[in-house]
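Nothing here was measured: the structure is a model prediction, and the numbers come from that model.
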Amino acid sequence: METGDIGGLAAASLGAMADAARIRPGGWLLASDVEGPLFLGDFIAEALSACLAPAAGGIDAAPSYGQILYAEGYAAFSADTEASRRPEGAGRRETRPEGGYTLAQEGTDTIFALPLLLAAGADYACLERLALGSRETPGAAEMARRLDEMGWQRAGITTAPQQPYRAVAERCGWLSPGRLLGSPFPLREAEALLRRLGRWDVEIAWVRAYLRDAYELIDRESEVWMDGSTRRRHFSDAGRKRLRQRFRRLYREELGISYSHGERAARPASTALGRIVEACAMVGDRAKAALALTLARRAGGPDRLVTMGDGANDAAMLRRARWSIGVNGPDAARAARIGLITDDMRHALVLLRLIGEQAGGVDAVVGLAREELGGAAVVHLGGEGLTPELAERHRQMKRRLRGEFVTY
């Protein structure tokens with residue numbers, strides 16, 4: 001297989017992505033995560049939930065087959081990369097992210113969905129339909145319009161697939177599609193390349209065998225009951241352990257995918273599909289931070305950058321900005337300068353306005369925002385001093401807005 005065959009499926013360089021955003025010189029810039037602060041979806045989890053189920057005889061229950069496959073694959077990957085967790089800086093003593101998240105992931109759990117969706121017959125049209133069903137986070141549109149009036153520029157930076165969310169941005173009208181920067185997810189191109197190389201039938205057969213085994217395991221190791229009008233599923237601990245083992249067999253042994261950047265550099269994956277997965281440069285933790293800082297240098301400079309996010313994969317972006325807001329997520333709040341718990345993103349606008357008016361340092365901005373918002377939202381200092389009570393309030397709001405099965 002020629003290197004160029006695979007390289008053409010990777011994302012554009014971060015510099016090229018920043019160029020395409022067409023940021024104007026001067027002024028303040030808000031660089032925000034997309035899923036959470038702007039839209040309520042968890043796109044990859046929703047795509048797997050919609051597309052992955054047995055062809056016949058499946059049980060429709062919560063969590064779905066796709067949600068279980070995503071969660072257990074994520075858990076297996078997290079456990080396998082625990083030793084690779086990178087601190088943000090020498091000497092930092094940080095609370096470990098929730099849910100087993102590690103900085104080694106860099107969005108890899110997102111691209112691991114590519115073989116599953118290929119095997120399920122998903123295409124770009126399917127993904128775009130799912131994305132267009134994403135609900136706007138309450139208050140996000142009004143926040144965006146008011147920021148425009150204040151002369152701010154805005155960019156959305158996501159680990160999720162870029163193209164489906166650009167369709168969402170075009171529909172909503174308040175976020176420029178060119179300023180929505182995300183990861184590659186080359187469904188059509190990967191299928192075409194696998195067929196051209198004569199590898200489609202054999203390699204996708206491995207993935208379909210994994211899915212058949214997974215569905216059978218979920219059915220055999222689950223209890224299902226009615227909770228009011230909702231059919232619930234409890235997947236046993238023994239079943240989870242076996243599913244994670246089967247996940248490792250597919251990705252590590254059959255597809256030959258490595259989690260180690262050093263190992264990847266020394267040798268290619270043993271399969272075409274494995275090499276495609278490894279080649280896709282995801283917009284992960286460090287890439288999000290790099291993009292935000294690159295865009296800021298093209299605007300008013302790093303001192304006029306505010307980053308915003310709700311998850312562990314936003315932590316690097318939040319830590320590296322002088323001004324940052326962790327909204328509805330304990331990992332984000334620990335990483336950010338300011339924490340915000342709210343069901344209406346117009347409340348974030350109060351913080352952004354005070355920051356833009358240069359009302360003082362972080363303590364002053366937090367104090368003034370508390371006075372203005374009263375009990376409408378919870379505003380607090382960010383950092384490692386986050387109390388257990390505030391952490392739980394962040395979790396509860398995140399689940400309330402984004403659902404009980406949101407990953408991180």
Side-chain angles (χ1 to χ4, degrees), residues 28-40 88-89 92-99 101 103 137-140 143 147 154 156-158 285 288-289 292 305-402 406-408:
W28 284 87
L29 171 71
L30 172 64
S32 176
D33 185 21
V34 174
E35 293 185 332
L38 304 183
F39 297 95
L40 294 176
E88 274 291 285
R92 292 191 72 103
R93 299 183 66 181
E94 300 161 3
T95 303
R96 286 178 176 269
E98 300 187 354
Y101 187 88
L103 280 174
T137 303
M143 176 186 73
L147 285 175
R154 297 172 287 106
I157 304 176
T158 180
D285 311 53
K288 280 187 168 186
L305 167 68
V306 182
T307 58
M308 184 161 63
D310 77 333
N313 66 339
D314 301 312
M317 179 173 73
L318 295 168
R319 285 196 180 97
R320 294 182 192 181
R322 179 185 174 192
W323 292 100
S324 55
I325 302 171
V327 56
N328 299 338
D331 291 322
R334 291 188 188 98
R337 303 294 186 267
I338 299 171
L340 175 65
I341 304 171
T342 181
D343 60 0
D344 188 336
M345 290 305 296
R346 289 177 296 181
H347 298 146
L349 186 65
V350 173
L351 288 166
L352 295 168
R353 175 173 52 77
L354 290 168
I355 292 169
E357 291 172 352
Q358 302 184 57
V362 172
D363 289 343
V365 166
V366 167
L368 290 168
R370 284 173 174 166
E371 290 179 12
E372 187 168 339
L373 289 170
V378 176
V379 181
H380 63 86
L381 292 173
E384 289 296 321
L386 185 71
T387 66
E389 294 77 16
L390 280 175
E392 182 58 27
R393 293 185 71 176
H394 274 278
R395 290 185 206 100
Q396 290 176 357
M397 184 61 74
K398 189 169 193 173
R399 285 195 292 264
R400 175 181 155 192
L401 291 173
R402 299 188 63 193
V406 66
T407 309
Y408 51 80

| With sequence neighbours left out, what residues match Arg154 under side chain to side chain donor-acceptor pair (under 3.5 Å)? | Asp148
| task | Just jot down the side chain to side chain donor-acceptor pair (under 3.5 Å) partners of Arg370, sequence neighbours excluded, or say none. | result | none
| task | Please round to the nearest 0.5 Å and tell me the distance separating atom CG of Asn328 and atom CE of Met345. | result | 7.5 Å
| request: To the nearest 0.5 angstrom, please state how far the CG atom of Asp331 sits from the CZ atom of Arg395. | output: 8.5 Å
Atom of [X], atom of [Y] and distance for their closest heavy-atom approach:
{"X": "Ala31", "Y": "Met317", "value": "O-CE, 4.2 Å"}
{"X": "Thr137", "Y": "Gly36", "value": "OG1-O, 2.7 Å"}
{"X": "Val378", "Y": "Arg393", "value": "CG2-NH2, 3.3 Å"}
{"X": "Pro138", "Y": "Leu40", "value": "CD-CD1, 4.1 Å"}
{"X": "Asp344", "Y": "Gly139", "value": "OD1-CA, 3.3 Å"}
{"X": "Pro37", "Y": "Met308", "value": "CB-CE, 4.1 Å"}

| Is there a donor-acceptor contact under 3.5 Å from the side chain of Ser324 to the main chain of Arg337? | yes
Pair up each side-chain donor or acceptor in residues 351-364 with any protein partner under 3.5 Å, not counting sequence neighbours, and list the distances.
unit_1, atom_1, unit_2, atom_2, d
Arg353, NH2, Glu372, OE1, 2.7
Arg353, NH2, Glu372, OE2, 2.3

| request: Count the heavy atoms of every other residue, nucleotide or ligand shown that sit under 6.0 Å from CZ of Arg400, and state whether that count exceeds 12. | output: no
| request: Would you mind reporting whether Glu392 and Pro388 have side-chain heavy atoms less than 4.5 Å apart? | output: no
| Residue list, side-chain contact (heavy atoms from CB on, under 4.5 Å) with Arg322, at least two apart or on another chain | Asp303
| task | Please list, chain by chain and in numerical order, all residues satisfying side-chain contact (heavy atoms from CB on, under 4.5 Å) with Ala332, sequence neighbours excluded. | result | Leu318
| Pick from Gln396, Met397, Arg402: which one makes a side-chain contact (heavy atoms from CB on, under 4.5 Å) with Arg399? | Gln396
| Only one of Leu340, Asp310, Leu30 forms a side-chain contact (heavy atoms from CB on, under 4.5 Å) with Ile325, so which one is it? | Leu340
| field | Residue pairs fulfilling ring-ring contact (aromatic ring centres under 6.0 Å, His included) with at least one residue in residues 376-402, sequence neighbours excluded | value | His380-His394
| field | Working for side chain to side chain contact (heavy atoms under 4.5 Å, CB included), residues Val306 and Leu29 | value | CA-CA 6 Å; Val306 182; Leu29 171 71; over 6 Å; no
| query | How would you list, by chain and number, every residue that makes a ring-ring contact (aromatic ring centres under 6.0 Å, His included) with His347, sequence neighbours excluded? | reply | none
| said: Considering only residues two or more places apart or on different chains, which pairs with a residue in residues 28-37 satisfy side chain to side chain donor-acceptor pair (under 3.5 Å)? | reply: Asp33-Lys288, Glu35-Tyr165
